[in-house]
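Everything on this sheet refers to the single structure shown next.
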Protein chains: 2
Amino acid sequence: MPNNQFKKGELYSFVTGKASTAIARRLQKKFNAAGLNITIEQWSVLYHLWKEDGISQQELCNATFRDKPSITRLVDNLEKLQLVKRVASENDRRINRIHLTKQALKLQEQTMTLAEETLNDALDGVPSNQINLCKEVLQRVYDNLK
Amino acid sequence: MPNNQFKKGELYSFVTGKASTAIARRLQKKFNAAGLNITIEQWSVLYHLWKEDGISQQELCNATFRDKPSITRLVDNLEKLQLVKRVASENDRRINRIHLTKQALKLQEQTMTLAEETLNDALDGVPSNQINLCKEVLQRVYDNLK
DNA sequence: GGCATATAGTTAGTTAAACAACTAATCAAA
DNA sequence: TTTGATTAGTTGTTTAACTAACTATATGCC
């Protein structure tokens with residue numbers, strides 16, 4: 001027996017990710033308002049480099065759930081903005097290690113504050129136990145489709 | 001006191017909509033496997049036209065949470081595929097009413113079945129009360145940012 | 001060593017999203 | 001009735017996702 005609890009009229013918003021789109025748009029607006037000249041997608045790459053500088057493009061693919069061409073172009077654009085630098089690995093010359101510039105390190109605190117602000121806006125009035133349950137469900141959805 | 005329950009490490013997946021992206025990719029693959037030559041975004045426009053044929057581009061903007069240029073281009077591409085036709089309104093000639101073709105009507109049943117299948121895949125093993133709660137939280141997030 | 005295979009990354013082409021600037025039609029108010 | 005504002009839709013530009021086809025380096029096996 002299928003456990004699909006969605007009436008047809010509700011199917012749409014789940015597939016199209018109405019909520020996460022709204023969150024991303026709000027965060028992008030905060031970046032723009034703060035004069036930060038980066039996209040959410042670029043931020044998502046920096047986000048993982050702040051956690052671990054010098055990881056490879058392939059590792060960025062895994063971390064950000066993007067394919068290789070997407071990461072190639074995001075790194076291209078981040079390089080143009082002088083936020084990262086590609087450094088060919090000594091051991092294995094196929095691999096590019098991506099390193100943050102000083103300029104990118106400066107962005108971390110400010111953008112993380114804006115991201116936390118955005119989540120507080122989004123989750124205003126939602127009890128924390130519901131937030132936790134929702135996170136678990138979304139993780140389960142992701143795992144089911146992996 | 002903020003109710004942000006997200007540790008920094010979890011911030012990312014909420015902003016980037018990992019789960020909804022996975023759902024959309026899975027559905028796109030099902031479309032491709034079935035030989036259906038449409039994108040998820042095109043399907044989302046057809047979805048609203050199946051509910052009410054002949055609505056305007058502006059109404060499609062509201063229904064799909066997209067801006068006007070996005071709908072202009074989606075309708076362009078759907079017209080090229082001969083799935084819809086723009087018909088200038090008699091009363092108000094600024095308005096295009098978008099009408100489904102016979103070909104598009106045929107797609108409804110098949111794509112809706114695939115979409116329901118996808119949601120069943122995604123929600124496998126998630127109890128229905130948790131699904132309902134999750135839907136409420138995501139709706140609340142959307143409303144908070146609207 | 002030499003050849004097949006796998007891995008890392010790039011390039012090309014199509015579709016789409018966001019924003020700004022634009023045209024055309026309608027409406028409203030002097 | 002003409003002028004100014006509003007509404008519906010289009011066009012141009014940049015960024016990004018996905019697929020497929022590609023290059024270059026590394027690995028494993030004979």
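Chain letters run A, B, ... following the sequence lines, proteins first, then strands; residues in each count from 1. Reckoned from all heavy atoms, side chains included, excluding hydrogens, waters and symmetry mates.
In this structure a side-chain-to-backbone donor-acceptor pair under 3.5 Å is present from A:R26 to B:L145. Between the side chain of B:T21 and the main chain of B:G17, a donor-acceptor pair closer than 3.5 Å is present. With hydrogens and angles disregarded, a donor-acceptor distance shorter than 3.5 Å links the side chain of A:D53 to the backbone of A:L100. Remark: the backbone N or O of A:I95 is not paired with any side-chain donor or acceptor of A:Q57 at under 3.5 angstrom. In this structure, A:E59 contributes its side chain and A:R97 its backbone to no donor-acceptor pair below 3.5 Å.
A:R97 comes within 4.0 angstrom of nothing in the nucleic acid, heavy atoms only. Using a 4.0 Å heavy-atom criterion, one finds that B:D92 contacts the sugar-phosphate atoms exclusively. As judged by a 4.0 angstrom heavy-atom cut-off over every strand, A:T39 is placed among residues touching the sugar-phosphate backbone only. A:N77 comes within 4.0 angstrom of sugar-phosphate atoms only, judged by non-hydrogen atoms across all strands, and of no base. At the heavy-atom level, B:N91 lies under 4.0 Å from the strands shown only through sugar-phosphate atoms. Among the heavy atoms of the strands lying under 4.0 Å from B:R93 are primed sugar atoms or P, OP1, OP2 only; no base atom is included.
In this structure, CZ of B:R73 is placed 8 Å from P of D:dT11, rounded to the nearest angstrom. Rounded to an integer number of Å, the gap from CD of A:Q42 to P of D:dT14 is 14 Å. To the nearest angstrom, C1' of D:dC18 lies 9 Å from NZ of B:K29. Computed from coordinates, the B:R26 CZ to D:dC18 C1' distance equals 17 Å when rounded to whole Å. Distance, A:W43 CH2 to D:dT15 C1': 18 Å, rounded to whole Å. The nearest whole Å value for the distance from the CG atom in B:N32 to the C1' atom in D:dT19 is 10 Å. Regarding B:D67, its CG atom lies at a distance of 14 Å from the C1' atom of D:dT13, rounded to whole Å.
Comparing D:dA17, D:dG12, D:dA20 by their closest approach to the side chain of A:E41 singles out D:dA17. Comparing D:dA26, D:dG12, D:dG9 against the side chain of A:R94 picks out D:dA26 as the nearest. Checked against D:dT10, D:dA26, D:dA16, the side chain of A:L74 finds its nearest nucleotide in D:dA16. Of the listed nucleotides (D:dG9, D:dT19, D:dT25), D:dG9 has the atom at the smallest distance from the side chain of B:I95.
Regarding contacts with the backbone of D:dT10, a side-chain N or O of B:N96 is found under 4.0 angstrom from either OP1 or OP2. In this model, the phosphate group of D:dT15 is not approached by any side-chain N or O of A:R66 to a distance below 4.0 Å at OP1 or OP2. Between A:Q28 and D:dT15, a side-chain N or O to OP1/OP2 separation shorter than 4.0 Å is absent.
Sequence order on DNA chain D of the closest nucleotides to B:D76 and A:P69 puts B:D76 first from the 5' end. Nucleotides of DNA chain C nearest to A:Q58 and B:I40 differ in position, and the one nearer the 5' end is that of A:Q58.
Within the 4.5 Å cutoff, the side chain of A:F65 has heavy atoms near those of the B:R25 side chain.
Under 3.5 Å, the side chains of A:N120 and A:E116 contain no donor-acceptor pair of N or O atoms.
Enclosure of atom NZ in A:K85 is not indicated, since only 12 or fewer non-hydrogen atoms of other residues, nucleotides or ligands lie within 6.0 angstrom.
In the helix from C:dG1-D:dC30 to C:dA30-D:dT1, the rotation axis of the first five pairs and that of the last five pairs differ in direction by 0°, rounded to 10 degrees.
Reading DNA chain C from its 5' end, the first and the last nucleotide to sit under 4.0 Å from a heavy atom of chain B are C:dT15 to C:dT26.
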Could you walk me through whether B:K146 and B:D143 pass the salt bridge (Lys or Arg N to Asp or Glu O under 4.0 Å) test, one step at a time? CA-CA 5 Å; B:K146 203 160 42 181; B:D143 291 337; 3.1 Å; yes

